[in-house]
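Have a look at the structure below, then the notes.
No hydrogens, no waters, no symmetry mates; every other heavy atom, side chains included, goes into these values.
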Amino acid sequence: MMNIMHPALRRLDLNLLPVFDAIYRHCSVRLAADELAMSTSALSHALSRLRNRLNDPLFYREGHRMCPSAYATQLAPSIASALKFLNQELIPQTEFDAADSTERLQIAITDFTALCIFPALMHKLQHEAPGLRFELLYLPHSPALMELLAGEVDLALGFSTSDNIRHPELEEINWFEDEYVVISNTNRTQLTLDDYVAARHLVVTPWNEKRGVLDLQLEQMGYIRQIALKTPSMLSAPFIVEESDLLMAIPRFAAEKLIPAVNIKIFSLPFAVRSFEVKIYSHKRSGQRGATTWLKAKLQMLAKEVNSER
């Protein structure tokens with residue numbers, strides 16, 4: 001036999017609960033009717049229906065007051081609490097107003113996606129959304145699938161890896177595309193494929209990956225590069241390159257941002273490989289929150305501006 005959910009509620013017109021609550025609080029049919037914008041006869045009829053459904057008189061008249069029965073007194077706190085909770089939860093969401101919002105967005109990032117996006121984003125938002133707050137969390141893996149599905153982060157800013165698998169509940173936006181270049185110390189004068197393969201390399205692996213896009217491409221070409229140092233953070237990597245003979249492949253956008261801070265040279269990557277892509281990931285349901293939707297649109301506009309300036 002099929003189980004019927006909420007059998008007591010299915011037998012009851014829930015519109016009668018505010019009637020009960022108003023009579024209980026005011027101890028008056030007239031005052032309850034005024035509060036609910038009903039006629040006294042309509043409210044009395046509603047009370048009669050509720051009495052029949054609950055098989056209890058609920059209220060009895062004592063002089064000018066409507067006094068609750070023992071059963072009504074027992075019900076009243078639960079009904080008041082339920083109505084208060086539903087009223088608070090069912091308020092329609094207001095349209096997101098960036099200028100006045102003080103919402104907090106949690107965004108999963110890597111060193112590179114933070115460097116790539118947040119300097120320009122915060123410059124723009126200091127005027128457009130000065131109260132909007134961000135909490136940046138290191139992306140534990142790309143595309144932070146479990147964290148997005150669980151609602152622990154609002155957005156994830158990640159990049160394509162060889163083992164990325166699209167999930168039906170995640171929305172992907174291609175935010176930024178760039179070419180790989182190679183940075184070295186200033187002693188190097190050229191960089192051929194043979195030079196690249198013969199050199200030692202520094203590789204940034206945010207998730208301790210065994211092989212990256214470049215390694216897979218080199219293997220297909222019959223080469224293996226010598227990786228002298230792996231690090232999960234990009235912060236120290238350019239300074240290590242500056243002081244050593246190591247080479248580091250990096251998106252051009254990041255390399256050009258580093259030039260004022262570190263004494264390095266930029267060379268073209270001496271073999272073809274697919275572009276570096278930064279993606280914005282969000283959950284198809286929780287990602288529809290007003291602030292999240294607004295931010296995704298703002299990020300897409302920012303990407304166009306960044307690309308047009310290059």
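Note that NZ of Lys279 is 12.5 Å distant from OG of Ser282, once rounded to the nearest 0.5 Å. Note that CG of Leu75 and CG of Leu54 are 6.5 Å apart. Values are rounded to the nearest 0.5 Å. Rounding to the nearest 0.5 Å places CD of Glu128 at 9.5 Å from CG of Leu121. Atom CD of Gln190 sits about 8.5 Å away from atom CZ of Arg188, to the nearest 0.5 Å. Once rounded to the nearest 0.5 Å, the distance linking CD of Glu103 with CG of Asp97 reads 10.5 Å.
Salt bridge Arg49/Asp13: present, at least one basic N to carboxylate O contact under 4.0 Å. The pair Glu135-Arg133 does not meet the salt-bridge criterion, since no charged nitrogen lies less than 4.0 angstrom from a carboxylate oxygen.
Atom CE of Met301 has 12 or fewer heavy atoms from other residues, nucleotides or ligands within 6.0 Å. For Asn52, the CG atom is densely surrounded, since the number of other residues' heavy atoms within 6.0 Å is greater than 12. The neighbour count for Arg65 CZ, taken as heavy atoms of other residues, nucleotides or ligands under 6.0 Å away, does not exceed 12. Around atom NZ of Lys230, more than 12 heavy atoms belonging to other residues, nucleotides or ligands sit under 6.0 Å away.
Aromatic ring orientation, Tyr24 versus Phe20: parallel (interplanar angle below 30°, classes split at 30° and 60°).
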- Query: Could you go step by step and tell me if Lys265 and Leu191 meet the side-chain contact (heavy atoms from CB on, under 4.5 Å) rule?
  - Reply: CA-CA 11 Å; Lys265 278 187 177 180; Leu191 186 65; over 6 Å; no
- Trace of the ring pair (Phe, Tyr, Trp, His ring centres under 6.0 Å) decision for Phe253 with Phe176: CA-CA 10 Å; Phe253 181 85; Phe176 181 75; 5.3 Å; yes
- Evaluate the criterion side-chain contact (heavy atoms from CB on, under 4.5 Å) for residue pair Arg274 and Val213; output intermediate values, then yes/no. CA-CA 8 Å; Arg274 68 182 176 89; Val213 173; 3.6 Å; yes
- Show the numbers, then the answer: is there a side-chain contact (heavy atoms from CB on, under 4.5 Å) between Glu171 and His283? CA-CA 6 Å; Glu171 180 184 70; His283 193 290; over 6 Å; no
- Message: side-chain hydrogen bond (donor to acceptor under 3.5 Å, both in side chains) for Thr110 and Thr113? Distances and angles first, verdict last.
- Response: CA-CA 5 Å; Thr110 64; Thr113 53; 3.1 Å; yes
- Let me see the working for Ile266 and Val181 under side-chain contact (heavy atoms from CB on, under 4.5 Å), right down to the final yes or no. CA-CA 7 Å; Ile266 299 176; Val181 295; 3.8 Å; yes
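Using a 4.5 Å heavy-atom threshold, the side chains of Lys296 and Ile173 count as touching. Counting heavy atoms from C-beta on, the side chains of Ile109 and Leu137 never come closer than 4.5 Å. Between Val153 and Ile107 there is no side-chain heavy-atom pair separated by less than 4.5 Å. Residues Leu247 and Leu202 form no side-chain contact, since every pair of their non-hydrogen atoms from C-beta on lies 4.5 Å or further apart. Residues Ser184 and Phe267 form a side-chain contact, since some pair of their non-hydrogen atoms from C-beta on lies under 4.5 Å apart. You'll find the side chain of Ile227 reaches within 4.5 Å of the side chain of Asp215, heavy atoms only. Side-chain contact check for Leu148 versus Asp154: every heavy-atom pair is 4.5 Å or farther apart. Side-chain contact between Ile264 and Thr186 is absent, with no heavy atoms from C-beta onward closer than 4.5 Å.
Taking each heavy atom of Pro238 and Val262 in turn, the nearest pair found is O-CG2, 3.6 Å. Taking all atoms of both residues into account, the shortest heavy-atom contact from Leu302 to Ala120 is CD1-CB, 3.9 Å. Residues Ser275 and Glu177 approach most closely at OG-OE2, 3.3 Å, considering heavy atoms. Annotation for Asp245 and Arg200: closest pair OD1-NH2, 3.0 Å, computed over non-hydrogen atoms. Minimum interatomic distance between Leu132 and Phe96 (heavy atoms only, all atoms of both residues): CD1-CZ, 4.2 Å. When all heavy atoms are compared, the tightest approach of Asp111 to Leu235 is OD2-N, 3.7 Å.
Hydrophobic clustering (ILVMFWY, side-chain heavy atoms < 4.5 Å, transitive): Leu58 and Tyr60 are in distinct clusters. Taking hydrophobic clusters as Ile, Leu, Val, Met, Phe, Trp and Tyr residues chained together by side-chain heavy-atom distances below 4.5 Å, Ile23 shares a cluster with Leu14. Leu299 is connected to Leu105 through a chain of hydrophobic side-chain contacts under 4.5 Å among Ile, Leu, Val, Met, Phe, Trp and Tyr, so both are in one cluster. No continuous path of hydrophobic side-chain contacts links Leu246 to Val203 [ILVMFWY only; heavy atoms under 4.5 Å]. Note on Phe59: it clusters hydrophobically with Val29, by side-chain heavy-atom contacts below 4.5 Å among ILVMFWY residues.
In this structure a side-chain-to-backbone donor-acceptor pair under 3.5 Å is present from Ser244 to Ile240. For Gln126 (side chain) and His123 (main-chain N/O), a donor-acceptor pair under 3.5 Å exists by modelled atom type. The main-chain N or O of Tyr196 is found under 3.5 Å from a side-chain atom of His201 such that the two form a donor-acceptor pair. The closest donor-acceptor contact from the side chain of Ser48 to the backbone of Ser44 lies at 3.5 Å or more, if one exists at all.
A donor and an acceptor atom, one from each side chain of Ser233 and Thr231, are nowhere located under 3.5 Å apart. A side-chain donor-acceptor contact under 3.5 Å links Glu35 and His26. Side-chain polar atoms of Tyr180 and Arg252 form no donor-acceptor pair below 3.5 angstrom.
When ring centroids are compared, Phe112 and Phe276 come within the 6.0 Å threshold. Aromatic pair Phe118/Phe134: centroids less than 6.0 angstrom apart. Taking the ring centroids of Phe271 and Tyr223, they lie at or beyond the 6.0 Å cut-off.
Checking each of Asp21, Leu50, Leu47 against Leu16 for a side-chain contact (heavy atoms from CB on, under 4.5 Å) leaves exactly one that passes, namely Leu50.
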